[in-house]
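Take a look at the structure below.
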Amino acid sequence: MRPPTDLATLYEPWPPSPLQDVYDERLASLSVELRLKRDDLIHPLVPGNKWRKLTPNLRAAVEHGHTRLLTFGGAYSNHLRAVAAAGAAYGLSTVGLVRGDELADAPRNWSLARAEAQGMELAFLDRTGYRETLRTLDDPATRAALEERWGRCWVLPEGGTNVLAARGAAELPAELPDLGDRDLLCCAVGTGGTLAGIAAGLPDGARALGVAVVRGARYLDDEVTRLHTEGWGRTFANWRIDHDHHGGGYGRVPAGLEAFAAGFEERHGIAVERRYVAKMLWCVFDAAERRAFPPGTRVTAVITGPPDPVPSDG
Ligand SMILES: *Cc1c(COP(=O)(O)O)cnc(C)c1O
């Protein structure tokens with residue numbers, strides 16, 4: 001067992017995250033206002049939507065007497081690093097099941113190295129086994145197999161999305177005063193938990209737009225609806241997902257997107273994370289230019305995480 005929990009390290013800089021007005025000529029000429037909800041600044045080791053999604057799960061895990069978290073992610077998963085850091089702060093041991101057994105014997109990339117440095121135990125699954133484990137995660141047989149190997153643990157699905165996570169994200173809109181008919185909240189969508197929470201937390205009139213960063217991910221619409229039904233006992237009609245700004249797929253950053261992100265950084269002096277945040281901002285500008293937003297729209301772009309600390313090596 002670890003030393004006693006030190007919850008303060010997770011709560012220190014919190015809440016709420018800063019709200020930053022951005023004056024952008026291109027948007028201003030289209031009568032669209034932009035401001036950034038800087039969730040990337042929430043916590044240095046558990047930033048962005050990961051903080052919002054994980055903290056309710058950590059509380060629940062501790063309440064249920066768990067001492068170990070188990071979760072899933074890819075080679076550069078922000079979620080894996082966040083779970084490793086949050087577990088360390090809460091005094092919970094952590095296990096990360098990583099997609100790709102070829103990574104087992106390769107030198108650790110920066111992201112997996114950081115997760116390990118926080119005490120996370122990594123195990124590597126081949127892609128089929130990884131997919132099957134996630135597909136059957138709620139089956140008793142899968143749980144039994146995981147428990148047999150890893151002991152009793154609080155299991156978080158890939159990306160950390162479950163009802164508790166969505167409820168954590170639902171607290172974000174309450175940090176924004178005077179939301180109303182002209183407001184649109186925008187966020188990137190990986191697994192849908194953040195968008196589901198934001199939509200559920202919005203007051204009447206305000207709307208949410210999620211930008212899918214995965215190609216052809218129509219299942220995300222069903223996933224958001226499932227989270228609403230399970231978490232709130234109802235559906236919401238105030239959100240939609242854009243499926244046209246994934247840039248070719250998860251982790252892909254085509255030249256046009258890179259140029260857009262670099263231009264935004266240069267104009268506004270804000271570093272832009274590429275796998276999620278850049279695609280969301282790209283969609284906002286594109287939609288504004290296509291006049292998809294009524295004049296007078298106020299866009300609040302949720303900056304769900306900071307840029308990678310290390311240039312991507314693959
Ligand atoms: C994980 C992540 C997302 C995706 O959030 P979901 O709740 O899985 O949709 C978005 N942005 C950043 C920066 C992330 O790390």
Side-chain angles (χ1 to χ4, degrees), residues 17 36-57 71-86 96 99 111 114-115 134 156-172 185-201 208-215 217-228 231 239-243 245-247 249-251 253 257 261 270-284 300-309 312:
S17 66
L36 309 179
K37 180 65 172 152
R38 297 292 305 271
D39 270 13
D40 53 318
L41 303 176
I42 283 184
H43 190 279
L45 294 175
V46 190
N49 62 346
K50 301 303 182 278
W51 191 97
R52 294 194 187 267
K53 293 168 68 173
L54 275 173
T55 43
N57 272 286
T71 195
F72 302 84
Y76 292 93
S77 167
N78 294 338
H79 168 69
L80 277 188
R81 291 197 310 284
V83 170
R99 180 180 61 232
S111 185
R114 284 190 186 205
L134 282 176
L156 289 162
E158 191 177 42
T161 284
N162 56 17
V163 163
L164 284 173
R167 290 210 189 110
E171 289 173 17
L172 185 150
L185 268 69
C186 297
C187 69
V189 177
T191 61
T194 305
L195 174 65
I198 288 172
L209 171 65
V211 180
V213 304
V214 188
R215 179 195 178 104
R218 299 281 162 184
Y219 59 86
L220 287 170
D221 295 80
D222 294 337
E223 173 66 359
V224 171
T225 300
R226 179 188 73 82
L227 289 164
H228 284 157
W239 60 275
R240 71 176 191 86
I241 298 180
D242 170 281
H243 289 281
H245 294 85
H246 50 70
Y250 183 72
V253 184
L257 173 59
I270 297 155
V272 174
E273 186 278 334
R274 295 294 197 268
R275 270 180 292 169
Y276 296 93
V277 176
K279 293 177 181 183
M280 179 273 297
L281 289 171
W282 190 29
C283 175
V284 166
T300 304
V302 182
I303 308 301
T304 41
D308 288 350
S312 182

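For ligands, and for the atoms within them, numbers begin at 1 and follow the listed sequence. Just so it is clear, the model here is predicted, and its values are computed rather than measured.
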Salt-bridged, R274 to D308, with N to O below 4.0 Å?
no
Look at atom 14 (C) of ligand 1 and find which of H79, R81, K50, K279 reaches it with the closest heavy atom.
K50
Give the single entry among T191, T304, I303, D40 that approaches atom 13 (C) of ligand 1 most closely by any heavy atom.
T304
Would you check if P47 and D40 make a side-chain contact, meaning some heavy-atom pair closer than 4.5 Å?
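In short, these two side chains do not touch, never coming nearer than 4.5 Å.
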Find out whether R275 and N78 are in side-chain contact, i.e. whether some heavy atom of one side chain is under 4.5 Å from a heavy atom of the other.
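They are in contact (side-chain heavy atoms under 4.5 Å apart), so the answer is yes.
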Need the ligand 1 atom indices (1-based, order shown) with element for anything under 4.0 Å from a heavy-atom of [X].
X	value
G305	13 (C)
T194	5 (O), 6 (P), 7 (O)
G193	7 (O), 9 (O)
N78	14 (C), 15 (O)
V189	9 (O)
G192	6 (P), 8 (O), 9 (O)

Determine whether the side chains of R52 and N49 contain a donor N or O and an acceptor N or O closer than 3.5 Å.
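No, no side-chain donor-acceptor pair sits under 3.5 Å.
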Can you tell me if Y250 and R215 form a side-chain donor-acceptor pair at under 3.5 Å?
no
Would you say ligand 1 has an N or O under 3.5 Å from any N or O of G190?
yes
Rounded distance (nearest 0.5 Å) linking atom CG of D39 with atom CG of L172:
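If we round to the nearest 0.5 Å, D39:CG and L172:CG are 5.0 Å apart.
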Straight-line distance of L54 CG to L156 CG, nearest 0.5 Å
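L54 CG to L156 CG: 6.5 Å, rounded to 0.5 Å.
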Could you check whether any heavy atom of K53 sits closer than 4.0 Å to an atom of ligand 1, since that is the contact criterion I want to use?
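The answer is yes: ligand 1 sits under 4.0 Å from a heavy atom of K53.
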Using a 4.0 Å heavy-atom threshold (strictly under), name the region of N49 that reaches ligand 1: side chain, backbone, both or neither.
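The side chain, only.
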Which protein heavy atom lies closest to atom 10 (C) of ligand 1, and at what distance to 0.1 Å?
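Protein heavy atom with the smallest distance to atom 10 (C) of ligand 1: Y276 CD2, 3.2 Å.
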Ignoring hydrogens and geometry, is there a side-chain-to-backbone donor-acceptor pair from K279 to H246 under 3.5 Å?
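Yes.
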